[in-house]
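What follows is a short report on a single structure.
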Amino acid sequence: MGRGQWLIDFERGAKVAGAKFYYLKGSLVELELAIFNYGLQLAIKHGFMPITVPNMVNSRIMKGTGFLARGDEEQIYKIEGEDLNLIATAEIPITGYHADEILDSDKLPLLYAGLSPAYRREAGAYGKHSRVCTRASVQ
């Protein structure tokens with residue numbers, strides 16, 4: 001096992017979840033969390049309230065935020081047999097947080113820093129059926 005596999009392990013990530021997945025370990029985990037914490041502290045410094053959110057929302061909230069699938073290329077995962085969808089971003093449940101409310105204008109703006117996983121199909125899915133060719137040139 002090479003030194004790099006001690007910090008990032010693509011082989012085991014692929015074994016467990018398929019290509020493009022990996023495990024971070026050791027100091028890379030610490031670095032990732034430090035960067036995350038820096039961003040969170042910066043948001044708090046600027047008046048944002050950190051908020052964790054439900055990882056699923058009902059279809060009404062999903063539709064109201066404009067995140068339902070468009071055409072044949074879906075990016076949202078629906079829970080079969082339930083009126084629930086996995087979120088693709090914390091924006092969805094944060095918007096739903098104030099659904100059906102009339103907000104007092106003297107209390108605006110409301111600033112939230114959402115913390116959540118992002119369950120979505122492969123990034124760039126809105127072009128996955130298109131073929132893009134690129135060519136590098138050296139001068």
Side-chain angles (χ1 to χ4, degrees):
M1 181 181 301
R3 177 173 163 71
Q5 285 188 311
W6 288 106
L7 298 178
I8 186 166
D9 192 334
F10 289 102
E11 183 178 323
R12 287 191 175 95
K15 176 176 69 173
V16 170
K20 301 181 185 178
F21 291 92
Y22 55 87
Y23 286 92
L24 291 182
K25 298 183 279 183
S27 59
L28 278 183
V29 174
E30 294 177 71
L31 177 61
E32 179 180 52
L33 293 174
I35 293 169
F36 172 82
N37 192 50
Y38 172 75
L40 181 61
Q41 294 306 313
L42 191 60
I44 292 169
K45 177 181 170 184
H46 289 282
F48 287 78
M49 174 176 295
I51 184 170
T52 60
V53 299
N55 293 336
M56 292 183 261
V57 298
N58 61 46
S59 296
R60 180 176 156 285
I61 297 299
M62 189 68 74
K63 183 177 180 182
T65 58
F67 279 91
L68 277 180
R70 296 168 184 95
D72 293 334
E73 298 189 26
E74 298 178 10
Q75 286 192 309
I76 302 295
Y77 290 103
K78 175 143 181 64
I79 306 302
E80 292 295 323
E82 301 287 333
D83 182 27
L84 290 171
N85 303 273
L86 290 170
I87 63 170
T89 172
E91 293 172 79
I92 299 166
I94 288 174
T95 303
Y97 186 77
H98 291 290
D100 304 320
E101 296 179 22
I102 297 174
L103 303 175
D104 193 354
S105 64
D106 65 335
K107 294 181 182 175
L108 298 176
L110 299 174
L111 304 173
Y112 298 112
L115 307 174
S116 75
Y119 301 103
R120 66 180 113 205
R121 296 182 191 260
E122 182 177 333
Y126 282 105
K128 71 180 180 184
H129 298 297
S130 303
R131 184 176 176 151
V132 178
C133 297
T134 59
R135 181 178 66 142
S137 63
V138 179
Q139 295 188 13

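The first residue of the sequence shown is numbered 1, and numbering continues consecutively from there.
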Heavy-atom nearest pair, A118 first then A88, reads CB-O, 3.2 Å

Single-linkage hydrophobic cluster, 4.5 Å side-chain cutoff, Y22 and L33 together
yes

Distance (rounded to the nearest 0.5 Å) between F48 CZ and L40 CG
11.5 Å

So, for E11 and D9, which heavy atoms are closest and what is the spacing to 0.1 Å?
N-OD1, 3.2 Å

For a quick test of reading the model, state the closest non-hydrogen atom pair linking H46 to L111 and the distance between them.
O-CD1, 4.0 Å

Report yes or no: do L24 and L31 belong to one cluster of Ile/Leu/Val/Met/Phe/Trp/Tyr joined by side chain heavy-atom distances under 4.5 Å?
yes

For the atom pair NZ (K20) and CZ (F10), what is the distance rounded to the nearest 0.5 Å?
12.5 Å

In the single-linkage hydrophobic clustering (I, L, V, M, F, W, Y; side-chain heavy atoms under 4.5 Å), do L7 and Y23 co-cluster?
no

Can you give me the closest heavy-atom contact between L28 and I8, atom names plus distance?
CD1-CB, 4.2 Å

Return the CD1 to CE distance between I79 and M56, rounded to the nearest 0.5 Å.
5.5 Å

Distance-only, no hydrogens or angles: does the D83 side chain make a donor-acceptor pair with backbone N or O of N58 under 3.5 Å?
no

What's the shortest heavy-atom distance between P54 and P93, and which atoms?
O-CG, 3.7 Å

So which heavy atom on Y97 is nearest to which on Y112, and how close?
CE2-OH, 3.6 Å

Roughly how far, to the nearest 0.5 Å, is the CG atom of L86 from the NZ atom of K78?
10.5 Å

Are I51 and I61 connected, step by step, through hydrophobic side chains (Ile, Leu, Val, Met, Phe, Trp, Tyr) whose heavy atoms are closer than 4.5 Å?
yes

Roughly how far apart are H98 NE2 and L103 CG, rounded to 0.5 Å?
5.5 Å

Got a second to check how far I92's CD1 is from I87's CD1, nearest 0.5 Å?
6.5 Å

List the steps, then state whether side-chain contact (heavy atoms from CB on, under 4.5 Å) holds for F21 with V16.
CA-CA 8 Å; F21 291 92; V16 170; over 6 Å; no

According to a hydrophobic-cluster definition based on side-chain heavy atoms being under 4.5 Å apart (Ile, Leu, Val, Met, Phe, Trp, Tyr only), do L115 and M49 belong together?
no

